[in-house]
Each structure stands twice: as structure tokens, then as C-alpha cells.
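Indexing begins at 1, ligand by ligand and atom by atom, following the structure's order. Keep in mind the model is a prediction, meaning the values are calculated, not measured.
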Amino acid sequence: MVEYYGKNDFSGILALVGTDLKGEREDYMSLKVAVMGYGTIGSGVVEILEQNREVIAHRVGQELEVKSVLDLRDFEGDPIQKKIVKDYKQIAEDDEIDIVVETMGGVEPAYTFVKAMLLAGKSVTTSNKALVADKGAELIAIAREQNVNFLFEASVGGGIPIIRPLQSCLTGDVIEEIIGIVNGTTNYMLSKMSFWGKEFDEVLKEAQEKGYAEKDPTADIEGYDACRKIAILTSLVAGQQVDYEDIPTEGISKITASDFKYAKKIGREVKLLATSRRVGDTYVCRVAPYLIPASNPLYHVNDVFNAIFVKGNMLGDSMFYGSGAGKLPTASAVVGDIVEMAKNLKNNLYLEWNPEKLELADAEKVQARYFGRTRATDEQIEKAFGVVDYIDVGIDGEVGFTTSLMPEGELAKRADALRTKGELSVIRML
Ligand code: HSE
């Protein structure tokens, strides 16, 4: 049977050989891929390319073959060992390799390696949000100059399609708002605290034992990971560079089991949200724990799942939900990029993300309601926050309260005034 498989240099040959891609022919027909970093995600990519080999070949119109794997470690007893290379230049200088996967993490040396690959005329996909948030605009520009691609679907939301939908399906809309649960580790921890009434340290230990949280969990629990992800999404919808350093970021390390008692009493859950809302010609962003009501679809997103709520000015509300972290879900998004790039060799897919910095709107002007928990007296609370609604969950000497709307800029002042009277913990309300 003669079939046309797609726009690539081998489509003519494929048309003649039909759908049987196995056997000796694969050597000269296969498209060569290199993987930089054979850790959790990198090995997942190799596994998917092997396990779904045939279906991927049919979708691309060509076999994909992992030719080289860059890693400083050795993997004795693993068949991958014969493909291990120690110097990235071996990949950059290998003219047979068209597609490179970067799954090393961190900005350096990933940035140096990825840039070298693009300059050598190879397309690159990465799962590395630190790299994309920091150097995305520059790497996209280099890819455009070289007429290749730099794709990064896996950098936000793990296996959930979100970058490509924002870049293609939703390009007819002005994106008004993005609210994401984009960190699987903290969502797992908060879910466990909520379901089982456990304390922070206990669930952190569990998350580490399950392999969700890193040995050094700072990036997840302090919100830095989520901050980079919302910076990437906002850069994409704005078409301009959003610096993650400009986004006020607060993690979950101060959340306690008691907070969940109050949250439940008022029908809410605590979730770490990464938010971005359009204000005039720009966006206002924040990463912080929020108390969200059951009427919000994000309330129901539990465990390591991620969800990204997107409001378009024409689309209205939509939500992208799925496995936000983990080996195969994240590798699945990387392989999706590989297929896209394989179908578009020497055809740059235009991504709008120019390097000119977007000045974000002042987050201090955003009006919000707050939940507080303190040992101060009602009089002291009302002196600081005005009229409040009290919540009593039977914790001796402590009271919870919710405030009316007030600008973020006022929160610190009012909270500091109350803190002089007793401890205070505050969580924003959505
Ligand atoms: N540490 C990240 C998380 C991995 O827990 O979501 C996926 O980016």
C-alpha cells in the first residue's frame, strides 16, 4: 500500500516502502534523536520511544532512533550504556542527529548545551522549567534563526497539554486569566494534610519517600517551581518576557494541620495556586497558598494531579487537568514534542515570546479577602482588620476570622499591627 506520511526528507521513500518500517531499512530511514540527561524523565523518554515505537513511527512517517545519551554516569548492565556519551559536543557535531531532548534540569549547563544544539541546526525539546523561564525567549529566537524548533510542552503541567493549546488552539482569544495548580509535590502534600489531618513535616517525608519531593524540597515547597511555571505561561500569552523574579511568591511551609480545620469549617481547601490575570495591557501574577471554595473546579484537584484553569475572552472558562509530574507523564509530553519536531524538520513553528521584558501590574493593588488565625483578642483583630467574620473550631485560645476585601498592599501593615498582639497566620481567599 502506498501512503504519504508527512513532510520530511524521507516521505518519498516511505511512500514506496509502505507501512512496514521494520528490518534493515530502518537504519537509513530512521531519524536520530539524542537525549541529554538519563535521569527520571530522560529514561522515561527512551522507554516511551521504545514501547510506542511503531505507533510513533506511523505518526511521524519515519522510525525514531535514540542514537546518543549524554550522561556523566555509567549504566552498567543497562542496554543504554552503549549509547552513553560524556561530551555534549559529540552530539552537537553529529550531523546524523536532528532532534535533541534536554532532561538535565537547572539553567547551567543545560543552557550552554541546548544553545549549542540549536546553533548546530538541531531541534530541541526540554522539560526544564528553570531553563525555559530564564532563557526561553533567547532560545526561541535562536531556533527561529536556525529554522529549527525549541519546544517545551513538559516544562509546565508535566503530561498535561497546555503550552501547545495556548500556542495554537487558543490564539484567537485574549487570555484573561490563568490559575494553576502546577506543582504536584505540594498538591500531594496539601491533599494528605487535608484528608488525614497530618502535619507538614510528616507529609513532606512521605512525599520524599514516594519520590515526588527532592531531597532538597525548597523549590517545590517555597513555590519557586510554580513561580517559574506561571512566568512561562504568562510569557506565552503576553508574547513577551515575564521575569519570574517579579512575581510575588509564597510557599506552603507555614501551612499547618490547624489551617485545614478552619478551611473545612467554611467549606474550603488550601491549595498552592499560581495566578496570572490580565490588567489593561499587562498581567498581575502571584504564587501563594489560597483557601478555595468547593464551587471552584480547582478545589477537587488532589494528590499529584495538576490543573490549569484558563479564561479566554471568547472561550470563557476551560480547565486542563492531568498528571502534572512523574516519569512517564512528563516524558509523554517530551515525546509529543519530538513527534511535532520530527514532522517539522527545518520548519520553524512560530512561537510568540519576544525578549522585551513585560512590566507586570502592581500585585499590591489587587483586592483580596484573607483568612487569619491568631491568639489576639477580638478587639485587637477588629482594630487591625475592621469588620471580620469569626470561625471557631475549638482550638483553645485561638480564633479564626475572614476579612472583607482590601488591597494586598494593606495586608502587611494590618497583619504587622496584629502580630504585635500575638501570632498571626494569614492565607488568601479566592
Ligand atoms: N517538582 C515538580 C512538581 C516536578 O512536583 O510538580 C514537575 O515539574
Polar contact flag for Gly184 and ligand 1 (N/O pairs, less than 3.5 Å):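 For ligand 1, there is an N or O atom that lies under 3.5 Å from one belonging to Gly184.
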Closest to atom 1 (N) of ligand 1 among Thr40, Val304, Asp220, Ile221 (heavy-atom distance):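 Looking at heavy atoms only, the winner is Asp220.
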Derivation of the salt bridge (Lys or Arg N to Asp or Glu O under 4.0 Å) call for Lys205 and Glu209: CA-CA 6 Å; Lys205 201 161 156 265; Glu209 279 161 11; 3.6 Å; yes
Among all the protein's non-hydrogen atoms, which is closest to [atom], and how far away is it?
atom                   : result
atom 4 (C) of ligand 1 : Lys129 NZ, 3.8 Å
atom 5 (O) of ligand 1 : Thr185 OG1, 2.6 Å
atom 7 (C) of ligand 1 : Lys229 NZ, 3.6 Å

Steps toward salt bridge (Lys or Arg N to Asp or Glu O under 4.0 Å) verdict (Asp317, Lys311): CA-CA 5 Å; Asp317 297 351; Lys311 187 198 271 293; 3.1 Å; yes
Distance flag, aromatic centroids of Phe371 and Phe401, threshold under 6.0 Å: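 Ring-ring flag for Phe401/Phe371: false, centres at least 6.0 Å apart.
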Asp259 and Arg268: CA distance, side-chain angles, deciding distance, salt bridge (Lys or Arg N to Asp or Glu O under 4.0 Å) verdict: CA-CA 10 Å; Asp259 289 320; Arg268 290 177 178 245; over 6 Å; no
Arg373 vs Thr256, side-chain hydrogen bond (donor to acceptor under 3.5 Å, both in side chains): CA-CA, chis, key distance, verdict: CA-CA 11 Å; Arg373 189 163 63 79; Thr256 67; 3.1 Å; yes
